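Working notes, beginning with the structure itself.
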Amino acid sequence: MVNDGLNPDAIKGGLGQSLFATHIVYLETVDSTNRLAKELASAGAAEGAIVIVEEQTAGRGRRGRSWVSPGRANLTFSILLRPTLVVDKVFSLTMILALACIEAVKKRTGLSCMIKWPNDLYVGGKKLAGILTEFAARDRRVEWVVLGLGLNVNWYPAEGETMSRLATSLQAEIGKRVSRNELLVEILVQFEAYYNDVLSGRIEKVYERWNDFSLVLGKQVVIESDQLKITGKALRIDQDGALIIEDGEGKEQKIIHGEVSLRFGEGAPL
Ligand code: ATP
Ligand code: BTN
């Protein structure tokens with residue numbers, strides 16, 4: 001049954017023996033789940049802690065952007081991980097959270113969504129979800145990673161507002177409310193399986209999948225950051241999660257996700 005509140009006991013029960021059942025922080029309101037998860041990380045919390053909230057008062061996207069999400073409608077949560085990984089591989093974790101989300105959404109709603117590299121999920125030209133990845137490292141080895149997901153579930157962005165043109169939700173797409181508790185459990189179960197693949201080096205299948213679900217491949221794209229602007233054709237996403245594009249001179253360029261934005265070039269609508 002689709003109820004209105006997140007239920008940490010039901011989530012814990014649904015997760016069974018999962019890594020993510022061990023330390024669930026559930027709050028009505030927080031400024032940002034990523035901010036709180038990073039605080040837990042600095043205080044020594046173990047891998048697998050998750051922070052789930054009904055409402056964020058200062059949800060964050062990348063590059064100082066804000067994440068807007070009305071209370072009790074959507075999923076906003078963060079996961080704390082302490083993987084044995086070199087920093088170059090951190091972005092593969094963003095990619096597997098995107099895959100886990102795609103599969104959970106498909107299973108729970110039948111809806112197909114795609115990854116808009118580097119960190120968004122789209123359905124039919126509108127943004128459904130975003131991932132914010134933050135980490136700390138020493139000597140190029142990861143100490144902790146916080147993965148934050150904002151997924152629009154039972155929200156109708158108000159008619160006429162900018163958000164209604166840019167964003168969508170599961171309910172808006174399928175016309176039915178969706179259980180956030182069940183969806184969250186499904187995402188975490190799928191994510192854990194992928195996470196084990198990454199940790200044990202079984203990356204081949206995983207990385208084929210993130211190419212299969214990529215919205216950008218074969219399209220003309222413009223990559224921008226404070227320092228650069230490159231136009232080219234998106235060829236593939238490599239095993240580190242970096243985007244490989246062919247620039248105007250036919251040369252391959254590797255774009256690390258960092259602080260770059262991607263938009264589609266002319267003649268390449270979503
Ligand atoms: P890019 O990822 O290419 O830099 P982006 O616009 O998706 O571009 P992000 O930083 O990934 O930028 O995401 C933050 C943006 O997401 C905000 O600027 C806002 O436009 C949008 N946004 C905020 N809240 C939501 C939401 N609940 N659903 C969909 N989009 C949202
Ligand atoms: C983006 O699209 O740029 C990423 C948005 C990420 C939003 C989620 S909501 C849970 C977590 N806490 C935050 O403050 N941000 C992420």
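By convention here, the first residue in the shown sequence is residue 1. Just so you know, ligand 1 is whichever comes first in the structure, and atom 1 is the first atom listed for that ligand. No hydrogens, no waters, no symmetry mates; every other heavy atom, side chains included, goes into these values. A quick note: this is a predicted structure, and the numbers were derived from the prediction, not measured.
Of all atoms in ligand 1, listed by their number and element, those nearer than 4.0 Å to a heavy atom of L262 are 3 (O). The ligand atoms of ligand 1 that sit less than 4.0 angstrom from a heavy atom of A167 are 28 (N), 29 (C). The atoms of ligand 2 that sit less than 4.0 Å from any heavy atom of I131 are 4 (C). For ligand 1, the atoms sitting less than 4.0 Å from at least one non-hydrogen atom of S66 are 17 (C), 23 (C), numbered in the order shown with element in parentheses. Numbered from 1 in the order shown, with element, the atoms of ligand 1 that lie under 4.0 Å from a heavy atom of K116 read 3 (O). Those atoms of ligand 2 that come under 4.0 Å of a heavy atom in G59, given as number and element, are 14 (O).
Scanning all protein heavy atoms for the shortest distance to atom 31 (C) of ligand 1 gives W67 CZ3, 3.4 Å. Nearest to atom 18 (O) of ligand 1 among the protein's heavy atoms is R65 CD, 3.2 Å. For atom 13 (O) of ligand 1, the closest heavy atom belonging to the protein is K127 NZ, 2.8 Å.
Residue E134 forms a salt bridge (charged side-chain N to carboxylate O under 4.0 Å, His left out) with just one option from R35, R60, R62, and that option is R60.
Residue-to-ligand polar distances place Q56 within reach of ligand 2: an N/O pair is separated by less than 3.5 Å. Of the polar atoms of N152, at least one N or O is found under 3.5 Å from an N or O of ligand 1, judged by distance alone. Considering backbone and side-chain atoms together, V68 places an N or O closer than 3.5 Å to an N or O of ligand 1. For ligand 2, the polar-atom distance check finds no N/O of W67 at less than 3.5 Å from any of the ligand's N/O atoms. Residue Y122 has no nitrogen or oxygen atom sitting less than 3.5 Å from a nitrogen or oxygen atom of ligand 1, judged on distance alone. The shortest N or O to N or O distance between D120 and ligand 1 is below 3.5 Å.
When heavy-atom distances to ligand 2 are checked against a 4.0 Å cut-off, N119 comes that close only through its side chain, counted from C-beta outward. By the criterion of a heavy-atom distance under 4.0 Å, the side chain of N119, and not its backbone, is placed next to ligand 1. Counting heavy atoms under 4.0 Å from ligand 2, residue D120 touches it through the side chain alone. Only side-chain heavy atoms of M163 come within less than 4.0 Å of ligand 1; its backbone N, CA, C and O stay farther off. Contact annotation for S261 and ligand 1: heavy atoms of both the backbone and the side chain come within less than 4.0 Å of the ligand. Contact annotation for R263 and ligand 1: no heavy atom of the residue comes within less than 4.0 Å of the ligand.
Residue R62 places a heavy atom less than 4.0 Å from ligand 2.
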Inset, instruction - Go through the steps to decide whether K107 and E182 satisfy the test salt bridge (Lys or Arg N to Asp or Glu O under 4.0 Å), and finish with yes or no. - result: CA-CA 11 Å; K107 193 157 165 191; E182 290 171 11; over 6 Å; no

Only distances under 3.5 Å count here; give the side-chain donor-acceptor pairs of residues 136-151 to other protein atoms, sequence neighbours excluded, each with its distance to 0.1 Å.
residue, atom, partner, partner atom, Å
R138, NE, E143, OE2, 3.2
R140, NH2, D88, OD1, 2.6

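Residues passing the salt bridge (charged side-chain N to carboxylate O under 4.0 Å, His left out) test with E192: none are found, sequence neighbours excluded.
Taking the six-membered ring where tryptophan is involved, the planes of F191 and F20 are tilted, since the angle between them lies from 30° to 60°.
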